[in-house]
Structure formats: C-alpha cells, structure tokens
Number of protein chains: 2
Amino acid sequence: MATIHDVAQRAGVSGATVSRFFNGGYVGAPTRAAIEKAVRELGYVPNSVARALSAKSSRVVGLVVPSITNPFFPELAYAVEEECAKRGFRLVLCNAGGSAEKEKAFIEALAAGFADGIITSTGNCGEAYDRIGIPVVSVDRELGSGAPHVTSDNYSGGRMAFRCLQRAGRKRLLFLGVPEESTSQRRRREGFLDEARRAGVEVDILVANDEAEYSTLCDQADRLSRYDGIFAWNDIAAVGAIRTLHQAGKKVPRDVAVIGFDDIHIARLFIPSISTIAQCISEMGRAATELLMRMISGENLVGVNYLLGVELMERETTAGKQGGGHETTRHPEFGDSRGSGAARAYGHHLHSRLRTSHTGGGS
Amino acid sequence: MATIHDVAQRAGVSGATVSRFFNGGYVGAPTRAAIEKAVRELGYVPNSVARALSAKSSRVVGLVVPSITNPFFPELAYAVEEECAKRGFRLVLCNAGGSAEKEKAFIEALAAGFADGIITSTGNCGEAYDRIGIPVVSVDRELGSGAPHVTSDNYSGGRMAFRCLQRAGRKRLLFLGVPEESTSQRRRREGFLDEARRAGVEVDILVANDEAEYSTLCDQADRLSRYDGIFAWNDIAAVGAIRTLHQAGKKVPRDVAVIGFDDIHIARLFIPSISTIAQCISEMGRAATELLMRMISGENLVGVNYLLGVELMERETTAGKQGGGHETTRHPEFGDSRGSGAARAYGHHLHSRLRTSHTGGGS
DNA sequence: TTGCCATGTGTAACCGGTTCCAGTTTGATT
DNA sequence: AATCAAACTGGAACCGGTTACACATGGCAA
C-alpha cells in the first residue's frame with residue numbers, strides 16, 4: 001500500500017501538502033494537479049488507522065446487541081447504520097450473545113480507541129460502561145448509570161396487550177417471559193399486570209428458558225394449553241408459543257390468543273399474522289444515533305432520555321372467539337401515535353413525536 | 001485515557017518496558033510488580049489504534065453482506081464472529097443493502113488499514129476486491145477474481161427441490177427468483193431446470209421484485225396461483241410466496257406446494273413448516289473464516305474453494321396432495337450428507353465433509 | 001581470569017498520518 | 001516604496017504504541 005510519502009515524493013511535494021490536499025488547506029493549482037496524478041497512479045488511499053491515531057477519532061460507532069438471531073436487533077442495527085452513514089460514521093456490530101464476559105470484552109475493545117462512542121442494547125454489565133471514557137447511549141434497555149437511553153413506552157405497551165386480549169374475550173391469561181430480566185421486559189409485564197389488576201383479572205407468569213432462541217418451548221406445551229390468552233414479551237417468543245400450541249393441537253386464535261411485542265417483519269407475514277405491540281425500530285435507531293453524535297460533539301446529555309410511543313397492531317392471533325376480521329387494525333390507545341404501518345414497512349423516516357424526559361441534571 | 005508513557009512514568013520505567021510487559025519480553029519481577037500496580041491504578045488499556053498502526057494489523061475481519069434483514073446473513077455473521085473470536089479477531093459487519101456504491105465504500109474503508117481481511121457474500125462489484133491488497137474470501141457467492149470461495153452445492157440443491165416437488169405430485173412448477181442474479185441463484189435455478197428437463201417437465205420462471213424484502217408479492221397473487229408447486233430461491237421468498245397464496249385464499253400445501261432454500265430458523269417454525277434445502281450456515285462461516293485466516297498468515301490460496309453439501313428438509317409445505325406426514329424428513333439425496341437437524345438447531349459444531357476443489361494454480 | 005550467554009532495561013527510530021509554525025512569494029493598500 | 005495580508009509550502013513535533021539495537025549485569029564454563 002502506498003503511503004502519503006510515496007505520493008509526496010512522486011508529486012515532488014512534502015507529505016504535509018498531500019495531507020492538506022485531502023483535508024482542505026491551501027494547495028496551489030499546479031501542486032494540486034501533480035498530487036491528483038500521483039494519487040491516481042499509485043491508487044493511494046489514506047490509511048484510516050494512522051488517521052484515527054492522529055485525529056484521536058476513528059469515526060466508528062459500536063453497537064452492542066444481546067443477540068443477532070432475533071430479527072429485532074438486525075432491524076435496529078440497520079436503522080443505526082443508516083443514520084451513522086449519513087454522518088460519515090461506520091458501524092461495528094458486536095454480538096454479545098448473552099454472555100456478560102463477551103460483552104465486557106467488546107466494551108473494553110471499543111473503548112480502547114476503536115470507537116468514538118457506543119450504543120448498547122444490553123444491560124448485563126452496566127458498571128462496565130461507567131468509566132470507559134467514551135460516550136454511551138442505551139437503546140431498548142436502561143443502564144444503571146446516567147447514560148441517555150432511548151426506549152419505547154413498554155409500560156403502555158403492556159397495558160395495550162392486556163386490553164387487546166380482554167377485547168378478544170380471553171379470561172385465563174399468561175405472561176410469557178425469559179429469565180434475564182431486562183428493564184424492557186419488566187415494564188411490559190408491569191403494564192400488563194397493572195391493567196389486569198385494574199380489571200380484576202388474574203394473570204399467570206411463565207419464565208421460559210430462552211437458551212435456545214426460536215425454541216418451540218416443546219416441554220411447555222401442556223402449560224401453555226391451559227390458557228386462552230398469552231402475552232409473549234417479544235415476537236420471537238410469540239412465534240415459539242404459537243408453534244408449540246400448534247404442535248399440541250391447539251388452534252390460534254380459536255383456542256388461544258397470542259400477542260407479541262416489537263413488530264418485527266415476520267409478525268405480519270406469519271400465518272396466522274401475529275398481533276403485536278409495535279415499536280418504531282427505525283426511529284429508535286435514529287434517535288439513539290442522534291444522541292450519541294451530540295455526545296461525541298461534546299454535549300453533556302446525562303439524564304436525557306427519549307420515550308417513544310408504541311402502537312397496537314391487531315392482527316389474526318387475537319381475533320375474537322366468535323371469529324373476526326383478518327385485517328390489521330391499529331390502536332394507538334396509550335401514548336403518542338406513530339406513523340402508518342405502510343410507511344414503516346417501506347422504511348420511510350418518521351419523526352414520531354417524542355417524550356423527552358430529564359431525570360438527571362446536565363451540568 | 002492513560003497512555004503507556006503515563007504508566008511508565010508512574011512505574012519508574014521506560015515505555016519500552018511497559019510494552020514488553022504486555023507483549024511478552026524480558027521483564028524483571030520487581031519491575032513487573034510496579035507496572036502491574038501502575039496499570040491498575042490508572043486503569044490503563046493499550047490503545048488499539050496505535051497498536052494497529054505499529055503492528056500493521058488491526059486483528060479485524062470485515063464481513064460484507066447484501067442484506068441484514070434476511071436472517072440468513074445474521075446467522076452467517078454469528079458463525080463467522082464465533083470463529084473470529086476464537087482466533088482473537090474482531091468482526092465488523094458491513095451491510096451493503098444491495099447498493100454497489102455502499103459496498104465499494106465499505107471495501108475501500110476496510111482495505112485502508114481498517115481490517116486485515118474481508119469475507120464477502122456480495123458480488124455486486126467483484127472488480128473492487130481485486131486490487132485492494134488484503135485477503136478476500138467469498139461465501140455463498142463467487143467473485144470473478146481468483147478469491148477462494150465457500151459455497152453450498154446449490155446445483156444439487158436445485159435438483160433436490162425439483163424431485164421433492166415431483167414426489168409431492170406437482171405438475172405446474174415455478175421458480176421464484178429476484179432480479180439481481182447471484183451465482184447462488186443461478187446454480188439453484190439451473191439444477192432445478194436441468195432436473196425438470198430430465199423428467200420432461202416444463203417449468204416457469206418468475207423474477208419478483210425484491211426491493212422490499214419480506215414483501216408479500218401481493219401484485220403477483222394471480223400469477224402464483226396458477227402453479228401447484230413453487231421453488232423459491234430462498235426461505236424469505238418462500239415465506240412471501242406462502243403469505244401471498246394465503247391471502248389469495250390458496251392453501252399450502254393442498255393447492256400449492258412450496259419449497260425454499262437456506263433453512264433459516266423461521267422455516268422450521270412457520271405454519272405450515274417450510275420445506276427447504278438446508279445449507280450448513282455455521283460450517284460455511286467456519287470454513288470461510290479458516291480460509292481467510294490462512295491467507296492472513298501468508299498462505300496463497302488462489303483457486304482453493306469449498307463446496308459444502310446440502311440437505312433436503314422435507315416439511316409440511318411439500319406434503320403430497322393426498323395429505324401427508326407433518327414430521328420433517330431428511331433426504332441427503334445428492335452431495336454429501338450433513339449433521340442431524342437437531343445438532344444444527346443447537347449450534348453444535350459439525351465438521352461436515354467438504355469437497356475441496358482447486359480451480360486455479362496456487363504458486 | 002576471560003569469554004560468553006541469558007536476563008533486563010533504556011534510547012531512538014518507526015508505523016502513516018495531521019497540524020503548528022516558520023518562511024517565501026505574490027498582490028493589494030497606503 | 002513600504003507595509004501587510006493572503007496564498008502556498010516544508011520542517012518538525014506529535015498521536016500511542018512496537019521493536020531493533022546498545023548497553024548493562026550476573027552466572028557459569030573453559
């Protein structure tokens with residue numbers, strides 16, 4: 001690989017001038033032409049590592065996710081990457097895979113000059129984010145520290161899920177979660193339980209082993225069959241539940257209604273199509289990236305948080321017991337409303353109304 | 001952030017000694033203790049950028065994918081990342097999103113010192129990989145250049161797909177593809193068509209607009225309904241086809257049988273479960289990484305290619321017209337057999353038999 | 001005693017850029 | 001004509017590490 005000095009020599013100028021040629025400084029027209037020629041002939045591309053060392057900035061953002069096989073996270077990564085690219089940043093996807101050890105290693109590596117900032121959707125080792133010296137924003141999770149976070153209104157989503165199942169005439173309800181308790185899962189469950197309590201309905205909780213994501217929960221078929229309404233904490237779990245019920249000979253939604261959370265692509269395509277609480281994933285990615293960029297520019301955003309509205313996508317899996325429509329119905333019951341489902345599906349950028357909360361003091 | 005010089009000063013030694021402390025060289029016991037103490041007190045972590053500049057190696061591998069929302073690629077990324085991590089390399093996921101421009105930018109950035117090697121599953125701008133000076137391995141695609149590639153036996157897979165539909169008693173067959181013609185898609189189609197020709201069966205081809213991945217192909221419902229057997233070039237397309245047929249009031253597999261390709265997680269969970277030609281994604285990732293690592297170590301592997309066996313996973317969407325079993329049946333008709341479905345599902349590492357072909361001369 | 005090797009440490013050059021500063025040339029202003 | 005600023009360029013320091021080399025010291029064999 002040619003270096004800046006090779007170019008300089010060939011063009012008959014100094015390295016400093018070549019550097020200015022690339023970074024915008026005084027360069028005379030003849031010099032400029034000579035450098036252009038040398039660059040072309042040598043196929044010179046500035047070395048990004050050397051540049052990063054000198055600039056003390058790599059223009060790289062690290063995104064730490066707990067899983068890459070749950071489509072929610074690739075969809076999030078897509079949104080973050082888009083927004084980063086717009087601002088000339090590159091995205092490095094780090095899949096912690098549920099291992100706190102791996103996550104810690106990623107954080108350390110990212111902080112060691114590798115990245116200018118971190119967006120994380122994993123909360124396994126919150127303390128590790130505290131003293132690393134580069135900006136951190138969390139999305140879909142809350143870190144213990146004062147790092148800004150972007151989350152959906154999970155609590156309202158939980159309430160919506162309950163009301164949806166109730167409208168479908170369901171009485172014996174179950175919340176289906178996983179062992180690692182994220183703030184997101186907790187909020188969803190609390191909303192669901194609170195709304196049930198208010199309605200005087202009892203709800204059971206089942207913590208399924210999530211070790212094999214996409215698991216069919218086979219060993220839990222009997223358990224699931226006891227209910228006629230299930231709120232799965234995310235869409236992947238909903239798919240697993242529906243599949244399990246199917247294999248146990250139960251019909252969804254006739255015997256059991258199921259509602260998920262996230263509105264990943266597959267929810268709309270599944271047969272029966274899966275009712276779910278939609279998060280605006282692209283907006284989450286956009287907002288998180290924006291916050292991070294502001295922090296990288298030096299702003300202090302401690303305690304600045306975004307809370308995004310969610311929306312009920314009522315599809316086939318929560319049809320009423322008497323049968324019901326097959327069309328998706330949108331119900332922005334609580335929180336702010338969001339853009340239309342069609343727009344989301346085609347990736348348009350929605351600037352949904354945000355609730356910005358300041359829970360801590362910026363200095 | 002503390003530098004190596006801060007540590008050196010605090011420990012009362014030179015920077016070179018601290019460097020040796022980290023990289024293994026002669027360091028006396030008392031010196032070692034002093035450095036350890038200083039490192040701990042300062043929370044020192046070596047700067048990876050400076051290290052990369054000096055070592056002329058970043059220990060980073062770039063993985064370029066054409067899409068991140070098709071679960072095949074996250075599953076591949078997972079496998080590659082695992083293998084990289086084992087060897088002390090980090091993975092950078094680059095989502096070209098079908099844009100040749102974006103892909104080119106990624107390649108250039110990766111080659112500019114950012115990465116030590118590239119694994120690509122995109123073939124949009126093959127020439128761009130030619131003169132970049134770092135090792136390149138392609139997976140699931142073939143580059144024009146002599147870069148080693150790891151692919152599944154797509155041709156045999158196409159033949160299996162035909163035989164599967166034929167066994168299910170289907171007569172009016174369709175191949176469902178997308179406009180961007182990858183070598184993978186071509187091989188699958190050719191295998192399918194050749195086997196059909198051999199059997200004296202005519203087959204139609206439909207090139208669906210893939211712009212919106214996960215599209216329901218709504219505008220094509222009439223067209224799809226004309227057939228009673230569809231071979232979708234990948235599982236995502238199969239999901240789209242099944243959904244479209246469902247909305248058009250056609251039953252799968254009663255009216256139309258559908259078979260996909262890849263065996264992504266959702267294929268097994270979908271209702272009806274989707275028959276598909278399984279690629280051993282984890283093995284593809286493992287093999288590609290291994291080849292790349294060998295190239296990074298200096299080996300010349302021009303023309304060394306891996307061809308991995310595929311396996312028919314016969315599920316519900318290709319049940320016979322008279323109805324049929326609901327269980328998955330495995331059919332390793334052509335090519336080498338692979339590990340059991342169960343093992344795959346749980347992510348065990350299979351060392352499937354490989355066919356290694358040498359199509360060019362290493363020097 | 002001499003010589004040699006293993007061990008331990010510091011100095012300085014280097015990786016490939018960026019940027020401050022100083023110096024030269026040119027053109028416009030007073 | 002003298003002054004000054006703008007345009008242009010090179011030298012050298014610096015970013016934070018690694019490593020070749022020189023220089024100690026001490027133990028052991030010849």
Side-chain angles (χ1 to χ4, degrees), chain A residues 1-36 38-39 42-60 88 108-116 132-134, chain B residues 1-36 38-39 42-60 88 108-116 132-134:
Chain A
M1 277 278 111
T3 73
I4 201 167
H5 303 291
D6 299 333
V7 175
Q9 196 170 3
R10 193 175 190 101
V13 298
S14 77
T17 303
V18 178
S19 176
R20 273 189 294 263
F21 169 85
F22 280 102
N23 300 297
Y26 291 126
V27 181
T31 312
R32 181 172 295 275
I35 295 176
E36 263 166 6
V39 166
L42 293 169
Y44 170 72
V45 178
N47 183 303
S48 59
V49 174
R51 206 189 268 242
L53 177 61
S54 186
K56 290 166 166 292
S57 157
S58 56
R59 297 189 82 71
V60 164
E108 209 164 71
L110 290 172
F114 198 92
D116 290 347
I132 57 173
I134 60 173
Chain B
M1 277 277 113
T3 72
I4 201 169
H5 303 291
D6 300 333
V7 175
Q9 196 169 2
R10 194 176 189 99
V13 298
S14 76
T17 304
V18 179
S19 178
R20 275 189 293 263
F21 169 86
F22 280 102
N23 300 297
Y26 293 124
V27 181
T31 311
R32 182 171 294 275
I35 294 177
E36 263 167 6
V39 166
L42 293 169
Y44 170 73
V45 178
N47 183 303
S48 59
V49 175
R51 205 189 270 239
L53 177 62
S54 187
K56 289 167 166 292
S57 157
S58 57
R59 298 190 80 73
V60 163
E108 209 164 71
L110 290 172
F114 198 92
D116 290 348
I132 57 173
I134 60 172

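Below, chain A is the first sequence line, B the second, and so on; all start at residue 1.
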Non-hydrogen atoms of [X] and [Y] that approach each other most closely:
X         : Y         : value
Gly25(B)  : Arg32(B)  : O-NH2, 4.3 Å
Ile134(A) : Ala115(A) : CD1-O, 3.7 Å
Gly15(B)  : Ala8(B)   : N-CB, 3.6 Å
Val27(B)  : Thr17(B)  : CG2-O, 4.2 Å
Gly113(A) : Val49(B)  : O-CG2, 3.0 Å

Looking across every strand, which nucleic acid part, if any, lies under 4.0 Å from [X] by heavy atom: base, sugar-phosphate, or nothing?
X        : value
Ser19(A) : base
Tyr44(B) : sugar-phosphate
Val13(A) : sugar-phosphate
Val18(A) : nothing

Side-chain donor or acceptor of Ser58(A) paired with backbone N/O of Ala52(A) under 3.5 Å
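No, because the side chain of Ser58(A) does not come within donor-acceptor range (under 3.5 Å) of the backbone of Ala52(A).
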Trace of the side-chain contact (heavy atoms from CB on, under 4.5 Å) decision for Val7(A) with Phe21(A):
CA-CA 11 Å; Val7(A) 175; Phe21(A) 169 85; over 6 Å; no
Report yes if the side chains of Asn23(A) and Arg51(A) come closer than 4.5 Å at any heavy-atom pair, otherwise no.
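Yes - at least one pair of side-chain heavy atoms lies under 4.5 Å apart.
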Contact under 4.0 Å: Tyr26(B) side-chain N or O vs dG8(C) OP1/OP2:
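No, outside the criterion.
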Could you say whether Ala16(A) or Met1(A) is positioned toward the 5' end of DNA chain C, judged by the nucleotide with the nearest heavy atom to each?
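Its nearest nucleotide lies further toward 5', so the answer is Met1(A).
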In whole angstrom, what separates [X]'s [atom1] from [N]'s [atom2]?
X        : N       : atom1 : atom2 : value
Phe22(A) : dT19(C) : CZ    : C1'   : 17 Å
Arg59(A) : dG17(C) : CZ    : P     : 18 Å
Arg20(A) : dT18(C) : CZ    : P     : 11 Å
Phe21(A) : dT19(C) : CZ    : C1'   : 18 Å

Between which nucleotides of DNA chain D, read 5' to 3', does contact with chain A run, using atoms under 4.0 Å from its heavy atoms?
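So the contact region on DNA chain D extends dA7(D) to dG16(D).
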For Glu36(B), look at atom CD and say whether over 12 heavy atoms of other residues, nucleotides or ligands are found less than 6.0 Å away.
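It does: Glu36(B) CD has more than 12 such atoms within range.
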Where along residues 47-56 of chain A does a heavy atom fall under 4.0 Å from DNA chain D?
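Going residue by residue through residues 47-56 of chain A, the ones with a heavy atom under 4.0 Å of DNA chain D turn out to be Leu53(A), Ser54(A), Lys56(A).
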